[in-house]
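Take this structure first; my questions come after.
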Amino acid sequence: MIDVRRIRTEYEAVRTALGRRGDGTGELARVLELDEQMRQVMQERDDIRSHVNALSKEVGQLRRDGDVAAAEAKQEESRELGERERAIAGVVDQIGEQVRELLLHIPNLPSPDAPDGAHADDNVEIKRVGPGDDPAAWADHQRVPHWDIGTELGILDLERAVKMSGAMFTMFRKQGATLARALCQLALDRNSDAFEEVRPPTVVLTETMISTGHLPKFADDAYHLERDGLWAIPTAEVPLTSLARDEILDESDLPMRLMAQTACFRREAGSAGRDTRGLLRVHEFDKVEILAYATPAQAAELHADLLARAESLIAALGLTYRVLDLCAGDLGNSSARTFDIEVYSPGVDQWLEVSSVSWFSDYQARRANIRYRSAGAKGTETAHTLNGSALAVPRVWAAVVETHRQPDGSIRIPDVLLPYFRGHTEIR
RNA sequence: GGAAAGUUGCCAGAGCGGACGAAUGGGACGGUCUCGAAAACCGUUGAGGCUUUGCGGUCUCCGAGGGUUCAAAUCCCUCACUUUCCGCCA
């Protein structure tokens, strides 16, 4: 949520920044108008309340003095004011709700550092490691899609997953299941130097989904357990961001770094028919997320660190990848700046987005009411939040299997995963 | 799922219609004393909105929401959570 005061005081700048997203600045003018109106009515309400409070004190005094007649006169006066107060207070509340509703739908301001652009095509590649999609770099035995490899080796059983749960659900078996687990374990182990491991709930309240910006705008993308008013999380970002909701952190505790492996659930409502084969787009998958709460001053350095950590994992798995600086028009709703890591996977001959590392400035923290207090300073400030996928299983699983397929059809297990493979060095 | 008790500031805990944003104790911070520290003593110590160049003014918040009243931490209703007991259970 953007700070209303910022809309009030820097209207043009906010409008211009939002304009860079390309999807219009819609209700911004309406917010400004309602806010103006609300402050006026609020002032009026507070004046009446002040008057009522004063009268009530006088009534108390008069009654103690035994002057019942005078007290009753004051009561009558106060009663009339009370009626007006109720009416005006109702208007304030109503406008307030309207403003909040509008604000919840307005996306975050892109960072000035985010490149210009309207579409994914305008994202800026800032780094490439390995051969990427150079056709000369890949052998025929690597040009087999993971669903074929998985079936051949008996490590991926999509048919039975569909029997249980329907299309776009998956099931790993044997060494395939081991690989899925090993990837998560590796991601957690490599970040345990600086991140606290958390195992949060995967089913959460509406308020928890609102805090990160997943609701109210994107309700169609999430699984909803209506009977209990709960939502299945699309990412561990959701519970981890609410961990500190409505709390005031100590500046000395910042940055606060958390990581969690959870199942992630996505309805993929808007992407029917795309990437339906194999593991590229699925309804449920495991992911290790790394997240930080920070002061504004710490944010840039942390953002770079999260990216470096996500990147080093991909590199350690021997995958070829590129890093994209997302343009303003392609940023997620809540993000001010995002770097994506895409792995090139030779079997499917595609760049796969495997990680998204974002800085949300104070957008989520304001929704979630997460503040911090500096030693000695008066009052509190809104914190910043950042997060990134350290490792999302299905696409990385696919890339590992396709990249490391040997001429004899077996899969070489990357060295960093060997500790989790009970002595095996290959999948066959 | 059933029953009982509870939810007040950083913590403990009082208050049970009017002088209560809230006693008291502890903690933390600052000061006096001291070569320094401890002890003692003094002081400060919640969050937020609107307004103001500033001093300040004003409103809201005692789990949440509603109600009664001139006036609610205090009375009434609903809900959530916590603890204990019973039931069920990986």
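Hydrogens, waters and symmetry mates are skipped; everything else that's a heavy atom, side chains included, is used.
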Requested in this report: Without swapping roles, check the side chain of Glu237(A) against the backbone of Asn387(A) for a donor-acceptor pair under 3.5 Å.
Outcome: no

Report task. Looking at every strand, decide which applies to Ser78(A) at a 4.0 Å heavy-atom threshold: base, sugar-phosphate, or nothing. Result -> sugar-phosphate

Query raised in the report: Mind checking who C61(B) pairs with, Watson-Crick or G-U wobble, both distances under 3.5 Å?
Result: G46(B)

Query raised in the report: Can you tell me how far P of G9(B) sits from CD1 of Ile248(A), to the nearest Å?
Result: 12 Å

**Report entry** Nucleotide C10(B), atom C1' - distance to OH of Tyr372(A) in whole Å
**Finding:** 20 Å

Query raised in the report: With a non-hydrogen cut-off below 4.0 angstrom, is Arg64(A) in contact with a base, only sugar-phosphate, or nothing?
Result: base

Report task. Name the pairing partner of C75(B), where a pair is Watson-Crick or G-U wobble with both distances under 3.5 Å, or state none. Result -> G67(B)

Query - Gap in Å between the two P atoms, one belonging to A19(B) and one to U52(B), rounded - result: 31 Å

Requested in this report: Indicate whether OP1 or OP2 belonging to G48(B) is found under 4.0 Å from a side-chain N or O atom of Arg371(A).
Outcome: yes

Query - Any donor-acceptor N or O pair under 3.5 Å, side chains Ser356(A), Asp340(A) - result: yes

Query raised in the report: Of Gly82(A) and Gly379(A), whose nearest nucleotide on RNA chain B comes first from the 5' end?
Result: Gly379(A)

Requested in this report: Starting from P on A64(B), measure out to CD on Glu207(A) and report it in whole angstrom.
Outcome: 15 Å

Query raised in the report: Do Tyr293(A) side-chain atoms and Thr241(A) backbone N/O form a donor-acceptor pair below 3.5 Å?
Result: yes

Requested in this report: Would you mind reading off the distance between Leu34(A) atom CG and G49(B) atom P, rounded to a whole angstrom?
Outcome: 19 Å

Query - Residues Trp359(A) and His384(A): side-chain donor-acceptor under 3.5 angstrom - result: yes

Report summary line: For G36(B), the nucleotide meeting Watson-Crick or G-U wobble distances (both under 3.5 Å) is none

Query raised in the report: Thr380(A) side chain: which of A47(B), C50(B), A71(B) is closest?
Result: A47(B)

Query raised in the report: Base, sugar-phosphate alone, or nothing: which one does Asn53(A) contact when heavy atoms must sit under 4.0 Å apart?
Result: sugar-phosphate

Report task. Please measure how far the P atom in C75(B) lies from the corresponding atom in G17(B), and state the result in whole Å. Result -> 7 Å

Query raised in the report: Would you call the rings of His303(A) and Phe339(A) parallel, tilted or perpendicular, where under 30° means parallel and over 60° means perpendicular?
Result: tilted

Requested in this report: Look through every strand shown and name the nucleotide pairing with C55(B) as Watson-Crick or G-U wobble, where both distances are under 3.5 Å.
Outcome: none

Report summary line: Scanning all shown strands, the Watson-Crick or wobble mate of U82(B) with both distances under 3.5 Å is A5(B)

Requested in this report: With C1' as the reference atom in both, quote the distance from U24(B) to C50(B) in angstrom, rounded to an integer.
Outcome: 35 Å

Query raised in the report: How long is the line joining CG of Leu249(A) and P of A47(B), in whole Å?
Result: 14 Å

Query raised in the report: Reckon Arg79(A) has a side-chain N or O less than 4.0 Å from the OP1 or OP2 of C70(B)?
Result: yes

**Report entry** Min side-chain heavy-atom separation Met209(A)-His224(A) under 4.5 Å
**Finding:** no

Query raised in the report: Within this structure, what is the CD-to-C1' distance between Glu44(A) and G49(B), rounded to whole angstrom?
Result: 17 Å

Query raised in the report: Do the side-chain N or O atoms of Ser50(A) get closer than 4.0 angstrom to the phosphate oxygens (OP1, OP2) of C59(B)?
Result: yes

Requested in this report: Can you figure out which of C59(B), C70(B), C50(B) approaches the side chain of Arg49(A) most closely?
Outcome: C59(B)

**Report entry** Watson-Crick or G-U counterpart of G17(B), or none if no pair lies under 3.5 Å
**Finding:** none

Query raised in the report: Between Lys74(A) and Asp67(A), does at least one N-O distance fall below 4.0 Å, as a salt bridge requires?
Result: no

Query raised in the report: Given G48(B), is OP1 or OP2 found less than 4.0 Å from the side-chain N or O atoms of Arg373(A)?
Result: no

Query - Nearest-Å distance once atom C1' is located in both G13(B) and C85(B) - result: 26 Å

Query - C1' gap between G63(B) and U82(B), integer Å - result: 10 Å

Report task. Take the protein atom CE of Met42(A) and the nucleotide atom C1' of U60(B), then report the distance between them rounded to whole Å. Result -> 10 Å

Requested in this report: Can you tell me the pairing partner of G87(B) across any strand shown, Watson-Crick or G-U wobble, with both distances under 3.5 angstrom?
Outcome: none

Report task. Take Arg39(A) and Lys74(A), find for each the nucleotide of RNA chain B with the closest heavy atom, and name the residue whose nucleotide sits nearer the 5' end. Result -> Arg39(A)

Query raised in the report: How close or far is atom P of C50(B) from atom CD of Gln43(A), stated in whole angstroms?
Result: 11 Å

Query raised in the report: OP1, OP2 of U58(B) versus side-chain N and O of Arg45(A): anything below 4.0 Å?
Result: no

Query raised in the report: Paired with A23(B) by Watson-Crick or G-U wobble geometry, both distances under 3.5 Å: which nucleotide is it?
Result: none

